[in-house]
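Here's the structure we're looking at; comments come further down.
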Amino acid sequence: MPNQHGEFIWYELATDNADAAQHFYSAILGWQVTDSGQPGVDYRILHAPDEDTGEWRPIGGLMPLTEEMKQCGARPVWLGYIGVDDVDQTVAKVTALGGSVQMPAWDIPDVGRLAMVTDPQGTPFYVMRGHSDLTSLAFASDRPRVGHCAWNELATTAPEAAKAFYFEALGWTKDGEMDLGPMGAYEFIRHNGLIGAIMPKPDDMPVPMWHYYFRVADIDAALKAITEHGGQILHGPDEIPGGDFIVKGFDPQGALFALVGSRRA
């Protein structure tokens, strides 16, 4: 992909009920979902609208957890893919910097090369070199895009160590911070524009993890859809600088998700 090394290029939901998850997120975010076409694999492609062209752009995937995955402790979760220039070199750097390899690098024909790794605090993510010649808009770095990811937020047990790891491995830089009071600092990440933030993990969060905020057109309509389709709201809507509102919740299968959007009323 033409995306720069270190850019988020894809988001993936692993879940124990793919049909129910597809129905839930389509109702909230308006995604269109298609089969990937990979023989013998239930992998579904999530599409969001491109307002510039009127076309639907792929922004992520949805896959069912296998019994083997669940026996190994896997639970429904959203994972992010970060584009890199060279997967094997990046994996080597990740391990040299204290991270670990969850799934060694492998190739998917006509898709790309990828690996699942963790940072030194155990937070998982993918690194990938895609074969597509189209720039990924899964993360809307240029402007607000409904249905696309708008913000990538890492809640971690060691913000300083996490910064050192990601900045060295992926070329990210810090761009200011916001004081969270007793919790510490909310530190903004820049990489070809603002891409998200790193913050201390709240006490009520069991493990360090990435949160991916997907944009909705109307945050109140999204709240209604969440409750009507079996989701659980944890926080929000909370207003953030700029006038948007954020919501965090659990989908019906237990995956934590986050939304951002405006309030029309």
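Just one of Asp85, Asp86, Asp107 meets the salt bridge (Lys or Arg N to Asp or Glu O under 4.0 Å) condition when paired with Arg113; it is Asp107. Applying the ring pair (Phe, Tyr, Trp, His ring centres under 6.0 Å) test between Tyr126 and each of Phe8, Tyr81, Trp210 identifies Tyr81 as the sole match.
Evaluation of the side-chain contact (heavy atoms from CB on, under 4.5 Å) rule for Thr118 yields Ser100, Gln102, Pro124 as partners, not counting sequence neighbours. A search for side-chain contact (heavy atoms from CB on, under 4.5 Å) contacts involving Asp19 returns Asn17, Arg44, not counting sequence neighbours. Evaluation of the side chain to side chain donor-acceptor pair (under 3.5 Å) rule for Trp172 yields no partner, not counting sequence neighbours. Taking Asp175 as the reference, Arg190 meet the salt bridge (Lys or Arg N to Asp or Glu O under 4.0 Å) condition, with sequence neighbours excluded.
Separation of atoms CD1 (Ile9) and CG (Leu137) is listed at 12.0 Å; rounding is to 0.5 Å.
A salt bridge is absent between Lys248 and Asp238; no separation between the charged side-chain nitrogens and carboxylate oxygens falls under 4.0 Å. By the 4.0 Å N-to-carboxylate-O rule, Asp220 lies too far from Arg264 to be salt-bridged with it.
The neighbour count for Asp35 CG, taken as heavy atoms of other residues, nucleotides or ligands under 6.0 Å away, is above 12.
The aromatic rings of Tyr25 and Trp31 sit parallel, their planes meeting at an angle under 30°, below the 60° perpendicular limit.
Sorted by first and then second residue, the salt bridge (Lys or Arg N to Asp or Glu O under 4.0 Å) pairs with a member in residues 178-189 read Lys163-Glu187, Lys174-Glu187; sequence neighbours excluded. Annotation: ring-ring contact (aromatic ring centres under 6.0 Å, His included) contacts involving residues 34-71, sequence neighbours excluded, are absent.
If you look at Tyr186 and Phe188, their ring centroids are closer than 6.0 Å. Centroid-to-centroid, the aromatic rings of Phe214 and Tyr11 come within less than 6.0 Å.
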